[in-house]
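Notes follow the structure.
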2 protein chains.
Amino acid sequence: MIVSFIQASARAEPAARTPLHAMLTTLLLAAVSILAAAASTHQPHPFDPLSPAELTAVRDAVLASPLVPAGPLTFHYVGLDEPDKPDVLSYAYGNPTSSSRSALPRRAFVVARAGGQSHELRVDVTDAAAPAVLAHAVHRGAGFPTLTLDEQFAAVALPPAHPPFVESVRRRGVDMADVLCAVFPVGWFGDLPAKERRVVKLLCFVAGATANFYARPLEGVTLVVDLDRMAIVEYKDRVVLPVPKAEGTDYRAGKAGPPYAGRAPAPGTVVQPDGRGFDIDGHFVRWATWEFHVGFDVRAGTVISLASIHDAEAGARRRVLYRGFVSEVFVPYMDPAEEWYYRTFLDAGEYGLGLWAFPLQPGADCPANAAYLDGYYAGQDGKPVENKNMICVFERYAGDVAWRHTEAGFPDRLITEVRPDVSLVVRMVVSCGNYDYVLDWEFKTSGSIKFTVSLTGLLEVKGTAYTHADQITEDAHGTLVAENTLAVYHDHYVTYHLDLDVDGTNNSFVKNTVATKRNVAGTPRRSYWTVRRDVAETEADAQVDVNTAPADLLVVNPNKRTRMGNEVGYRVIPGGATAASVLDDDDYPQRRASYCKKQVRVTPYRKAEKWAPGLYADQSTGDDGLAAWSERNRAVRNEDIVLWYTVGIHHIPYQDDFPVMPTVSGGFELRPANFFERNPLLTTRPPGLDQPPLVNCSCTGDSR
Amino acid sequence: MIVSFIQASARAEPAARTPLHAMLTTLLLAAVSILAAAASTHQPHPFDPLSPAELTAVRDAVLASPLVPAGPLTFHYVGLDEPDKPDVLSYAYGNPTSSSRSALPRRAFVVARAGGQSHELRVDVTDAAAPAVLAHAVHRGAGFPTLTLDEQFAAVALPPAHPPFVESVRRRGVDMADVLCAVFPVGWFGDLPAKERRVVKLLCFVAGATANFYARPLEGVTLVVDLDRMAIVEYKDRVVLPVPKAEGTDYRAGKAGPPYAGRAPAPGTVVQPDGRGFDIDGHFVRWATWEFHVGFDVRAGTVISLASIHDAEAGARRRVLYRGFVSEVFVPYMDPAEEWYYRTFLDAGEYGLGLWAFPLQPGADCPANAAYLDGYYAGQDGKPVENKNMICVFERYAGDVAWRHTEAGFPDRLITEVRPDVSLVVRMVVSCGNYDYVLDWEFKTSGSIKFTVSLTGLLEVKGTAYTHADQITEDAHGTLVAENTLAVYHDHYVTYHLDLDVDGTNNSFVKNTVATKRNVAGTPRRSYWTVRRDVAETEADAQVDVNTAPADLLVVNPNKRTRMGNEVGYRVIPGGATAASVLDDDDYPQRRASYCKKQVRVTPYRKAEKWAPGLYADQSTGDDGLAAWSERNRAVRNEDIVLWYTVGIHHIPYQDDFPVMPTVSGGFELRPANFFERNPLLTTRPPGLDQPPLVNCSCTGDSR
């Protein structure tokens, strides 16, 4: 949610008013022109995000189109409309000399608001000098697109001019200059699907002596703003509660200590005497046996595509992942009170993960040896906005072991072979209001990809009269973390969309269940377990609660087998954070994010099925999202399938999480499972081994 | 299991015969004397492991004792008999000037075999020049002590002189010079409890052109050795199967590649310009706000004691953990065949984790900035054996974030505060036969302790006639990972004994269950979850399968509350690897390790209750272990309690795990939960902050 100081002087036009916004949109047209010129000398990869020049061309085409109403138009989503999968596969893995490697069309998908409607447009910008709108539709269903920054700035500027709010602030003895408000989506609670009334709630906070205004809610006050009219349409001052004190809430250096405890850990830096071990060529990263494309989407954040791995024994590059990204982050709070019941955030769909990814701090967010990628998105006015240092890429030397063995079995020698682990991390940090998500893709020389979600940032707290736990006699829906401060119970569900193409396009989903055999004859043992192999025929078969029956879950290619005859595959290994939603199936937030009841789901690939809660997440009703799509129970066996994995955390806060939370992490690993004939690390050069020129390899990969 | 080349020349006395053994016992008496002299100038901490001089004194006292029979005596366990807990607490946390800080008695607990019996002795070595046996008992129950290295060497030397074995080897066309055998405990399968017949099985392998003899079993041949008689007492050659080929099994550098794939990751090293940030004073480590004692036990490996943390806001050192270590590693295989059914290893109790911890490789097992600790244990003859570089300690710079927040809510500035994470790792690697376990304790500035078990090493494989998966028509109990090579299904259960003393000795175990509320009135929401708090009264209440109801599991101190009135505590966060045993309750291996059905258990502290399967693990019957103790269902509320946590993995092998396995990791975190008034990182010096002298603090901690 965006917030802004409300100041007496702050009465100018919203976009020009806020220095933050100015900072975010400082990309001058001149700079855009330079970048566009630079970009034009380099033929874009089909998955490259839209360049500033392309974003500008999209804007020109949309604003010039007779298909949308004249008058105010706001851009809510502008993203790459990727070419069809067969074309991309042919481009990426086809014969490099054939015509398939020629440039594919460059197209954008746009959601814009105009005339009180959500317009969807497809715009061709292959020739950025002559962009063309290819298709146009008006969204007739429930829900609204992602909120823009500008409209949030405009909304939070309204309250100081609203006399009842001025009175509420006065009544609490707070200085209006210290007040900030933030935008909260209203969710959906069983009304007729909201197709026209695009509203948000505003909740307000007090900064004052602390940067941590989230710790100081102006509890009890709710404003409702109609975004299309940009006007306050409802106001409620339900209850007056003490504003928590500022003391002890600031987290900035110099504001929190001394006294310090103990001594500081020693400073340490990773040094790479030979430089980095990876190349970034445009958006393509090549490291060890891996290569993949790092893209960016304003809603999803980092997008990894066309990840493949060179297999020395096969003498070939083999496909692993077509395209993967975070599809949604669902964060429902667990307090039914008036100011809290609707706090059931869909951070990607309502706010935009890429929109809220701020510049990474070199040497702190990422180690000193990291490289950085910038991103560009379209502002509300359609103009390109630069997002500096949005993604970092670095080799990770964590002191771990890739593999080892000590063999004490030979009488004449002790054999110890150890390979220290080095991995490659692609990181983005999303600071969507109070919370910060560190989102890591970690590529390993073993062929694994580890996905880690690390939560940190500020707790969302509720003002209360309580100053001691002994005063609490009924369910407080949270933990008293400071005087007058309840940290409310909530969940986090981070859902990944992973279009795995394991050694080819068509894959199956296999559940290898550990099944106990009892009363076996001919052995002193009374039991053992074996593996029951179930191949999912349809989507319903592939919905798995990973906390129930123990099983290895695999995505295999039934058309490719190892020399030993095993189907090649990857398996999913949960790494903590396996919570599933426990809300009632009929509860409204649950209906909007009903996919969160199972950590694992599989769908047949459909280009349009990207966003777990549906394209229009704001005020969505759950009628057009992942769970709804799967109700058709489509075939998934030996099809082009997508794995959806949800990392889940039930968060009961504790005082140690306040005023800023030490990182807590969870995630999962995709690990080769009969993908290789044998451990690929044996044919991967260990770090420091002399670097001969890269081995040229034939590239395989069917392009069904 | 220990193995040895069987060579025609290998006929000498076992202990002298094997260079490995010689290597392990090269500590000359002269060297011992020097070390003993050095040690005597330094008053040992009550938890310091027995020094070489103390081990020698123990040996002298036992051999001189009239309580044990004259004649051959073998030492199977010699470890610290730690002083009683109140005395240690008084020593560690009492008034530093009082008499409580004077040296506590130094005592050893010994299990020795003599006259066909297991003798338990307590030996006082406070004055190493005049050691005294304080107590003696003969074990009358089931089970036997840990196997010594020497008796395993002696056993594996027997087969070449056994004509039926010579014939079996000949029949398989194998050169005896290439054959090695290994010792496998027989388990217990419902016979009358074995109190006298101390036997093991020998299985044999073929090395030849590979170091990876485990990949080449001489399948079908089983020998049984009576260890006390040191004679082969049974022999079976049940079935002849092809010996898998050596090709593709070697993992040594230069044996596995080229061809290599891709390029090597870049070499990288952590550099600490100001040196290490921790001190090691004797066995005490002080780092950041932490201090703890690093000990060693030949059965458990690393033992961490008296871990406490300096709390700046409280102005006090606060206790967290009295003593913690790996109590057992249970590894049952899932093949009911004659040569496999009994493979249900208890690696700590049968083999000894410390005994099988070999020297860590600087720069590979641990990063360049690591410090190393040596260990000493008593050999079979009672003489001290040095274990060099057995434990490493290092600051870990993994590129992670300790906490961060970007605040975009202020219109005039973007606030980004990031603290990169540095943690302190204490690592041991146990190479217990084929598998390697990297066992990490990771201390964090947040107050967390993370426990990570990383599995690598060699799969235990079965010879088979199969050369392709299509030939398999019935349950093969494993995966065909190479021609004639089945990697058999199995589990790993690593059980930690953690005597937490959270801010004092008496603690309670709390289960904060996430409970759904439905049909709530007065809100548009139809459900939410809240927290149901259950305090365990007895042991039965505290046995938890972490995969069932979602809950936060805490150890709290009900006698200490935060300023807000919350009980101070730590919580357990599973980090993957949460498998529980699925064997039948009545199956024999399950009875011996029945504690593996629940990941979490709590017992009242009893000094003798250290070893989850009981003191005598070899051929144990489960009558005297963790589950049996808990059948008394003792009170655990507001008592001195011990948390037992089992990390579990069902391991279905894949080809990618062969011939050596890329590391797979799991574990758990102990994280402060209302232990601190607020995030302690705010009062912890970030790395690189100027280092003033250590703040002297008063030390608190009750010593009930």
Side-chain angles (χ1 to χ4, degrees), chain A residues 3-4 18 189 256-257 259-262 264-268 272 277 289 310 312 334 336 341 358 364 367 397-399 403 405-406 409 411 418 422 431 446 456-457 468-469 480 516 523-528 547 564-565 575-576 582 584 587 654 656 662 672-674 682-683 685 687-689, chain B residues 3-4 18 189 256-257 259-262 264-268 272 277 289 310 312 334 336 341 358 364 367 397-399 403 405-406 409 411 418 422 431 446 456-457 468-469 480 516 523-528 547 564-565 575-576 582 584 587 654 656 662 672-674 682-683 685 687-689:
Chain A
V3 292
S4 163
T18 60
F189 289 89
Y260 290 119
Q272 297 180 297
T289 53
H310 182 64
M334 297 298 156
Y341 74 87
F358 296 101
Y397 302 87
W403 67 262
H405 182 57
T406 294
V418 191
V422 187
S431 301
S446 62
T456 174
H468 193 278
L480 194 69
T516 306
T523 173
R525 278 281 279 278
R526 292 182 171 177
S527 69
Y528 62 90
N547 297 315
M564 288 301 99
V582 297
D584 196 277
D587 199 3
Y654 296 95
D656 322 74
N674 295 328
L682 294 179
T683 51
R685 289 189 180 80
L689 194 77
Chain B
V3 292
S4 163
T18 60
F189 288 89
Y260 290 120
Q272 297 180 297
T289 52
H310 182 64
M334 296 299 156
Y341 75 87
F358 296 100
Y397 302 86
W403 66 263
H405 182 57
T406 294
V418 191
V422 187
S431 301
S446 62
T456 175
H468 193 276
L480 193 69
T516 306
T523 173
R525 278 280 280 275
R526 292 183 170 175
S527 70
Y528 61 89
N547 297 315
M564 289 300 100
V582 297
D584 196 277
D587 199 2
Y654 297 94
D656 323 75
N674 296 327
L682 293 179
T683 52
R685 288 188 181 82
L689 194 76

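Reckoned from all heavy atoms, side chains included, excluding hydrogens, waters and symmetry mates.
Contact tally against chain A (heavy-atom pairs below 4.5 Å) for B/Asp656, B/Thr523, B/Val582: the top residue is B/Asp656. Between chain A and the residues B/His468, B/Gln272, B/Met564, B/Met334, the most heavy-atom pairs under 4.5 angstrom are made by B/Met564. In terms of heavy-atom pairs under 4.5 Å with chain A, the best-connected choice from B/Asn674, B/Asp584, B/Thr456, B/Val418 is B/Asn674. In terms of heavy-atom pairs under 4.5 Å with chain B, the best-connected choice from A/Pro367, A/Pro672, A/Gly399, A/Pro662 is A/Pro662. Ranked by heavy-atom pairs under 4.5 Å with chain A, the list B/Gly575, B/Ala469, B/Pro336 is led by B/Pro336.
Contact between A/Gly277 and B/Ala266 at its shortest, heavy atoms only, is N-CB, 3.3 Å.
Side-chain atoms of A/Asp587 come within 3.5 Å of backbone N or O of B/Ser527 as a donor-acceptor pair.
Residues B/Phe189 and A/Arg525 are in side-chain contact: their nearest non-hydrogen atoms beyond the backbone lie under 4.5 Å apart.
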